[in-house]
Amino acid sequence: MADYNFQEIEKKWQQYWRDQKVYEVPNESDKPKYYVLDMFPYPSGAGLHVGHPLGYIASDIVSRFKRLNGFNVLHPMGFDSFGLPAEQYAIQTGQHPAITTDENIARYKEQLMALGFSYDWSRELRTSDPKFYKWTQWIFKLIYNSWYNNDTDKAEHIDTLVAKLEKEGNKNINAACDADTPIISADEWNGYSEKEQQLFLLKYRLTYQAETTVNWCPALGTVLSNDEVKDGFSERGGHPVIKKKMPQWSMRITAYADRLLSGLDKIDWPEPIKEMQRNWIGKSYGAEIDFDIDGHDEKIRVFTTRIDTIFGVSFMVLAPESELVPTITTDEQKQAVVEYVEVAKNRSERERMSDAKNVTGVFTGSYAIHPFSGDKIPVYIADYVLAGYGTGAVMAVPSGDQRDFDFAKKFDLPIPIINDAQVLTETEADPTKEGKIINSDFLNGLSPANAIERGIQEVEKRGIGVRKVNYKLRDAIFGRQRYWGEPIPVYYEDEIPKLVPDEELPLNLPKVDEYLPTEDGDPPLGRAKDWSHNGQPYELSTMPGWAGSSWYFFRYMDAHNDGEFCSKKARDYWKDVDFYMGGSEHATGHLLYSRFWTKFLYDLGIIEVDEFAKKLINQGMIQGRSNFVYRFIPDAISYPSEWGNKEKPEKVVEIYISKEFYDAFDDNGIFKAGNSLKAEFINQINRVTKELKDIGIRIAPVDLNREYLVQKLHVDVSIVKDDELIISEFTRGKKDSIVKFVLSDSYKCGWEVEKMSKSKFNVVNPDDLVSKYGADTLRMYEMFLGPIEQSKPWNTNGIEGVYKFLRKFWSLFHEEDTFKVSDEQPTKDELKVLHGTIKKVSEDVDRLSLNTSVSTFMIAVNELSSLKCNKRAILEPMTVILSPFAPHIAEELWHKLGNQTSVVDASYPKFEEQYLVEDSIEYPVSVNGKMRAKISFPADASKEEVEAGALANETIQKWMDGKDPRKVIVVPKKIVNIVV
RNA sequence: GCGGAUGUGGCGAAAUUGGUAGACGCACUAGACUUAGGAUCUAGCGCCGCGAGGCAUGGGGGUUCGAGUCCCUCCAUCCGCACCA
């Protein structure tokens, strides 16, 4: 058979594609546009593993397919190159993160190139490139200079706010702003100093500065995120972490909460992602109600979604941080309350969460007045009430809320029943929304749903509360006390932030001598020399990782424009992403922030779309598939003398046993009593013992009533093939042991699904597979693995099948070693195979069922192979439809077929129905639902003809045992079903 | 606890609208060609049964002439959120 030399082929065509700039696309074209985007990677030091390319391969197939179908396809790639690992490496080694990043990118690019992706590399971008982050800073400025007008429901320039303030103060302004914003008049505003005005505007700006509590680790000299803190200590190094209030840059994403929610309805994204975003935004409808406090002028304002349960309120709970706490605490309770608040303050989020089952709280000594019943109800503080959500206070309904119930039980408070469907146990509340309200005055007899509506109307009527919508979404903290990120384009004049002028952008990341915070606890940028704007100090924190990735998709449209973030012409042409491929782990991060920025840019009229990606597909995560060997250490009682003395032999005897044998041992290494494998095991061990004896080693007879050292060990997956251990390579790495297997000819490893990681020896590197089987095989195999959206363990077993397919395809074009195709007319059978394949593959790619497309190709090639078809009229279109999957082999054969241009410029063949029509159709005929026979009918037979024919059929009649058929069901083209 | 997803041979999986369940591939078995086979080709391959046949899509129930697919219910696994009032 002619040789399919993938190494030569792939190298040749990758070079050709680069030289001929085959994948560069213009920003104008008569063709319709199609924008296929991958989530760009963070270039980590480890390089790509086989999980990364899964999505890239699928999106590459889509973009090649679209291109063959006449679209002008934008398919770019770049790097999310600001990030923590490069900075941590810099702290350890002193190497500038830019150098580390460049090296990693070079490796990534090499790996990506080797897989033959059709990226337009001329548009490559990196978020850490000043030419790129110039525009990230520019967008930051736009957001800073904006406020959110709830009346127009969009962001507006801050000047429109200033104009209103000057004219009539802020009493008529309905805006997204800080909760503590006071109402001021125009006179007050106009009387403010410049500094006062600027400070006031910060309450409205969509990027603002505010005091925020952060986790500060003095030993590491840095801020840590919540997940980097464990039980009050840093995860890395175990240093203590304290809470510290710091001025922090934040973005007012909450202004967009509602639009981020409603926008989900018009984009074609996976439902789980939408659901995660909905949960994250967490919109809930309810009411805020004021409770008077006995003996105080202040009121406790609570938020509730279940006002129907208001007559079930038997106490109130405030968050320990609540401002009301000092005011309403009585002298008798003061000490207990202060102690509790102090403890709560020092508890980390994590402690608080892990301790959720332990109900704690303290009575304040004060009582609230129930707004309807007038009852006095005690007010407690407890840390199960969060200061950050709603009003930081709750009306506790123990019969309907589990947490309130637990609290009531602990503090022996009443648990009034307010619903006739409620069934309480000793330990459980019942939050039912069924039944009718009882014991509730004017709500009695209503369903909970109606009672909620009635309740809200009543509180509004009485002026003690308002209808209210609440969100879980919090504003996004934007500043990071890190070096390797975009500098925030701000300097301070008299402690007021000022924006760096556009013409001075980019504000380049300065050089520093070390990447650690300063002694004063300032971020690393505090080490930079002359880090000031004409003597006014620049901001020291940098932007978070999500800044650059929140708009990069627009930059690809016009990646090298120095005058604009992206030209209007390019934006108008490419508009938005048609197909976005990436992991679901970004559901509430990147994917939400990007939608936020897109909507913002839309409000300012800068772009035409308010959602950046029409369609999103999540590729599944590839997990590792670890292999194991099972080791049994027998007692050696004598060794050859050259091994040294008995106490300290130079070598160890290791016997590898099968997984079944391993499983027969318990955790202590004792053979489970009564296991049926016992005799077999002894037998196998005896055989090994004999072998050992031949080389001068004696081991004690195995006594299965005692304990042995039996271990399950990871074995490197690269020396395992189809779960079978390559024994020669395994023993080569075991120089200090005598290695024996209970079955000497082959050894089957066990396997488990785990995370892919070096320590588990289960990382599979695409480079190894590319050099062994070629990129085309790897591409097709990754698609063949299963549905693209499904997570699955990586398993190299079976890659041979795909490899065999490509070789078979290749051999269709070759006779002996020479390329040979025939110009004869194809037969009907051959045409049928071709057109059936075109039809099926096009449909499959359209619905992204790429695993079945690969199967379709395999079937087609098997059929063509058995038809001995080598006809150009069949093979040429087959080459074209295969090219999105296996571009290198397709390019090679396409050129051998005599074509001068790249196969990507071919047009996708159309299938013709005429070749797919069958002469006759075989109808399976069933009687009473059980299949009995297949009867052939002409393809154009009508339903009636089929029925009549089936009934007339002698065989059927015989089966009916003389009974008359009552009903015959004909399902088009499928089944004739006869019911007796 | 809440939300979402998924359960089909030894394994990865297919079955687009309710219509011959297990396509295709791996592994396995037998055979052919070979000095050889880690190459290639042919055949077999869900389970039980010698067979006819019976049983099979996580378990149980239902709708239907007919259910992997639709409905109810229970179970298992994975993912996300998690004291959100």
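Below, all heavy atoms of this structure are taken into account, side chains as well, without hydrogens, waters or symmetry copies. In what follows, chains carry the letters A, B, and so on, assigned in the order in which the sequence lines appear, proteins first and then strands, with residues in each chain numbered from 1.
- For A:Lys472, taking side-chain heavy atoms from C-beta onward, the closest of the listed nucleotides B:C11, B:C81, B:C24 is B:C81.
- Side chain to side chain, A:Thr777 and A:Tyr4 fail the donor-acceptor criterion of an N or O pair below 3.5 Å.
- Separating the NZ atom of A:Lys283 from the C1' atom of B:A85 is a distance of 18 Å, rounded to the nearest angstrom.
- Of the C1' atoms belonging to B:A27 and B:C45, the separation is 11 Å, rounded to the nearest Å.
- A donor atom on one side chain and an acceptor atom on the other are not found under 3.5 Å apart for A:Asn279 and A:Glu275.
- Under the Watson-Crick or G-U wobble criterion, with both distances below 3.5 Å, B:A15 has no partner in any strand shown.
- Rounded to whole Å, the distance from CD1 on A:Ile788 to P on B:A5 is 20 Å.
- Within a 6.0 Å sphere centred on CD of A:Glu453, other residues, nucleotides and ligands contribute more than 12 heavy atoms.
- Base pairing analysis places B:C28 opposite B:G44; the two distances defining the Watson-Crick or G-U wobble pair are each below 3.5 Å.
- Across B:G19 and B:A67, the matching P atoms stand 11 Å from one another, rounded to whole Å.
- With both ends at atom P, the span from B:C11 to B:C28 equals 15 Å, rounded to whole Å.
- Here the side chain of A:Thr852 is nearest to one of B:A14, B:A85, B:A39, namely B:A14.
- If you measure from atom CD of A:Gln402 to atom C1' of B:C84, you get 16 Å, rounded to the nearest angstrom.
- The distance from atom CE of A:Met783 to atom P of B:C24 is 22 Å, rounded to the nearest whole Å.
- The interatomic distance linking A:Met621 (CE) with B:U77 (P) rounds to 19 Å, in whole Å.
- Regarding contacts with the backbone of B:A13, a side-chain N or O of A:Gln790 is found under 4.0 angstrom from either OP1 or OP2.
- With B:G25, B:A23, B:A85 as the candidates, the nucleotide lying closest to the side chain of A:Ser855 is B:A23.
- Within 4.0 Å of A:Lys840, counting heavy atoms only, lies at least one base atom of the nucleic acid.
- Along RNA chain B, the nucleotide nearest A:Met858 and the nucleotide nearest A:Gly388 are compared for position; the residue whose nucleotide lies closer to the 5' end is A:Met858.
- B:U16 atom P lies 16 Å from atom CG of A:Asp846, rounded to whole Å.
- When each of B:A23, B:G80, B:C11 is scored by its nearest atom to the side-chain atoms of A:Met276, the top-ranked nucleotide is B:G80.
- When only modelled atom types and interatomic distance are considered, A:Tyr384 and A:Asp404 share a side-chain donor-acceptor pair under 3.5 Å.
- The side chain of A:Asn851 lies closest to B:A13, out of B:C26, B:A13, B:C24.
- With B:C24, B:A14, B:G4 as the candidates, the nucleotide lying closest to the side chain of A:Pro272 is B:G4.
- To the nearest whole angstrom, the two C1' atoms, one in B:G60 and one in B:C75, are 10 Å apart.
- No side-chain N or O of A:Asn470 forms a donor-acceptor pair with one of A:Lys283 less than 3.5 Å apart.
- Sequence order on RNA chain B of the closest nucleotides to A:Phe303 and A:Ser866 puts A:Ser866 first from the 5' end.
- With its glycosidic angle within 90° of 0, B:G9 adopts the syn conformation.
- Nearest nucleotide to the A:Val385 side chain, out of B:C24, B:C26, B:A85: B:A85.
- Not one side-chain nitrogen or oxygen of A:Arg807 sits closer than 4.0 Å to the OP1 or OP2 atom of B:A39.
- Residue contacts for A:Asn862: at a heavy-atom cut-off of 4.0 Å it reaches the sugar-phosphate backbone alone, with no base atom in range.
- Separation of the P atoms belonging to B:G22 and B:G10 is 16 Å when rounded to the nearest angstrom.
- Of the listed nucleotides (B:A23, B:G25, B:G12), B:G12 has the atom at the smallest distance from the side chain of A:Leu785.
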Apply ring-ring contact (aromatic ring centres under 6.0 Å, His included) to residues A:Tyr781 and A:Trp794 and explain how you reach the verdict. CA-CA 11 Å; A:Tyr781 181 60; A:Trp794 175 260; 5.7 Å; yes

Given the rule in the side-chain contact (heavy atoms from CB on, under 4.5 Å) test, do A:Met780 and A:Tyr803 qualify, once you have shown the distances and angles that lead to the verdict? CA-CA 9 Å; A:Met780 292 199 85; A:Tyr803 184 51; over 6 Å; no

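- You'll find that the side chain of A:Glu275 is closest to B:G4, out of B:G4, B:A13, B:C24.
- Contact annotation for A:Pro787: backbone-only contact, meaning every heavy-atom pair under 4.0 Å involves sugar-phosphate atoms and none involves a base.
- Checking B:U16, B:A85, B:C26 against every side-chain atom of A:Glu843, the shortest atom distance belongs to B:U16.
- Across the C1' atoms, B:C48 and B:A52 are found 14 Å apart, a figure rounded to whole Å.
- Taking atom C1' on both B:C74 and B:A13, the two are 27 Å apart, rounded to the nearest angstrom.
- B:U57 and B:G46 have their P atoms separated by 16 Å, given to the nearest Å.
- In this structure, B:G1 and B:C81 make a Watson-Crick or G-U wobble pair, each of the two defining distances being under 3.5 angstrom.
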Take A:Lys840 and A:Phe911, measure what side-chain contact (heavy atoms from CB on, under 4.5 Å) needs, and give me the verdict at the end. CA-CA 9 Å; A:Lys840 184 99 186 12; A:Phe911 66 88; over 6 Å; no

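- Computed from coordinates, the A:Ile859 CD1 to B:A13 P distance equals 18 Å when rounded to whole Å.
- Summarising the geometry, the separation between CG on A:Asn795 and P on B:A13 is reported as 10 Å, rounded to the nearest angstrom.
- For B:A39, the OP1/OP2 oxygens have no side-chain nitrogen or oxygen of A:Lys804 closer than 4.0 Å.
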